[in-house]
Amino acid sequence: MNDLLASIRARLLAQVDEAYREGTRNYFKEPIEPLGVRSALVKKLAGQVWRQVKPWPKARIWELCRALWETGTMEEGSIATTLAARLEPRLTPEDFEEFEDWLGRYVANWAHCDDLCTHALGRLLLRHKELLPRTDSWAGSENRWLRRASAVALIPLAKSGALPPVFARADALLPDADDLVRKGLGWLLKEAGRNFPDPVSAYLLAHRRDMARVALRIAVEKLPEDLRRQCMARP
């Protein structure tokens, strides 16, 4: 394990672009610790690591992921979320606690939050809807990443057409004052509206007085033009 971690770090350091590192720092409003490796290279390395650890027991892969998170770097956290996504066929409801722990302990930026939630965690929730009530408390958490995750993790569900839990989660997040959470809410409703514009536009029309404009602007992006204009009109 330690040898693999050292190898991952060495391969990352061999590809550092200092200008890219500074640009990445400036791109995020929240503080992050990037090494400065371009996303495509990180993705390629994650694929190489996956091929090496794929035969491992899942518990050992989770141990590796936690060790990657513990480094605190942007790139190694991204490798952890990629490994989790690759494990999707082997995920079970018991893995929910692992992801919840990551969100509460390690996730500290929207990129890691969204990558984890729209892939491994979101697909787990889609397959095991009995887990959804365990995300209800996230919407009221003091942790902004859990609150954003409470919306973004439901995106695979929204795309499938399971709209009642999506609208219930939207109701819970309407009062949130954090722009990153509001944008997550807008994204959730936008993805629901791609294939189900009528119920989504009806929800937006009913709640546009209470919804932050930034969330509403994102939510209407994939609606037909006539519905988009109706939803964006000042009530």
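We use all heavy atoms of the structure for the numbers below, so side chains are in, but hydrogens, waters and symmetry mates are not. What you see is a predicted model, and the numbers here were worked out from it, not measured in a lab.
Annotation: Trp69 is in aromatic contact with His112 [ring centroid separation under 6.0 Å]. Proximity of the aromatic rings of Phe99 and Trp62 is defined here by a centroid distance below 6.0 angstrom, and this criterion is met.
Using a 3.5 Å distance cut-off with no hydrogens or angles, the side chains of Arg228 and Ser201 do not pair a donor with an acceptor.
Listed by first then second residue, pairs satisfying salt bridge (charged side-chain N to carboxylate O under 4.0 Å, His left out) with a partner in residues 28-44 read Asp17-Arg38, not counting sequence neighbours. Listed by first and then second residue, the side-chain hydrogen bond (donor to acceptor under 3.5 Å, both in side chains) pairs that reach into residues 150-163 come to none, sequence neighbours excluded. The salt bridge (charged side-chain N to carboxylate O under 4.0 Å, His left out) analysis of residues 100-117, with sequence neighbours excluded, yields the pairs Asp101-Arg105, Asp114-Arg148. Every pair passing salt bridge (charged side-chain N to carboxylate O under 4.0 Å, His left out) that includes a residue from residues 68-87 is listed here, sequence neighbours excluded: Arg9-Glu76.
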Contacts table for residues 176-199: side-chain donor-acceptor under 3.5 angstrom, sequence neighbours left out:
from: Asp176; atom 1: OD1; to: Arg147; atom 2: NH2; distance (Å): 3.4
from: Asp176; atom 1: OD1; to: Asp178; atom 2: N; distance (Å): 2.9
from: Asp176; atom 1: OD2; to: Arg147; atom 2: NE; distance (Å): 2.6
from: Asp178; atom 1: OD1; to: Arg144; atom 2: NH2; distance (Å): 3.1
from: Asp178; atom 1: OD1; to: Leu180; atom 2: N; distance (Å): 2.8
from: Asp178; atom 1: OD2; to: Arg144; atom 2: NE; distance (Å): 2.9
from: Asp178; atom 1: OD2; to: Arg144; atom 2: NH2; distance (Å): 3.3
from: Arg182; atom 1: NE; to: Asp176; atom 2: O; distance (Å): 2.9
from: Trp187; atom 1: NE1; to: Glu191; atom 2: OE2; distance (Å): 3.2
from: Lys190; atom 1: NZ; to: Glu221; atom 2: OE1; distance (Å): 3.2
from: Glu191; atom 1: OE1; to: Arg194; atom 2: NE; distance (Å): 2.6
from: Glu191; atom 1: OE2; to: Arg194; atom 2: NE; distance (Å): 3.4
from: Glu191; atom 1: OE2; to: Arg194; atom 2: NH2; distance (Å): 3.4

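For Arg123, the salt bridge (charged side-chain N to carboxylate O under 4.0 Å, His left out) partners two or more places apart in sequence, or in a different chain, are Glu88. Residues forming a side chain to side chain contact (heavy atoms under 4.5 Å, CB included) with Arg217 (at least two apart in sequence, or on another chain): Arg213, Val214, Met232. Every salt bridge (charged side-chain N to carboxylate O under 4.0 Å, His left out) that Arg229 has, sequence neighbours left out, goes to Glu225. Listed by chain and residue number, Asp95 satisfy the salt bridge (charged side-chain N to carboxylate O under 4.0 Å, His left out) test with Lys58 (two or more places apart in sequence, or in another chain). Residues meeting the ring pair (Phe, Tyr, Trp, His ring centres under 6.0 Å) test with Tyr203, sequence neighbours left out: Phe167, His207. Residues satisfying the side chain to side chain contact (heavy atoms under 4.5 Å, CB included) criterion with Ala46, sequence neighbours excluded, are Ile79, Thr82. Looking at residues two or more places apart in sequence or on another chain, you find no salt bridge (charged side-chain N to carboxylate O under 4.0 Å, His left out) involving Arg60.
Between Arg66 and Glu63 there is no salt bridge, since none of the side-chain N atoms of the basic residue sits less than 4.0 Å from a carboxylate O of the acidic one.
Considering CG of Leu125 and CG of Leu154, their distance stands at 6.5 Å, rounded to 0.5 Å.
Partner of Met1 under the side chain to side chain contact (heavy atoms under 4.5 Å, CB included) criterion, out of Asp3, Leu4, Leu5: Leu5 alone.
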Derivation and outcome, side-chain contact (heavy atoms from CB on, under 4.5 Å), residues Ser39 and Tyr20 | CA-CA 10 Å; Ser39 299; Tyr20 181 76; 3.3 Å; yes
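For the residue pair Phe28 and Ile32, the shortest heavy atom distance occurs at CD1-CD1, 3.5 Å.
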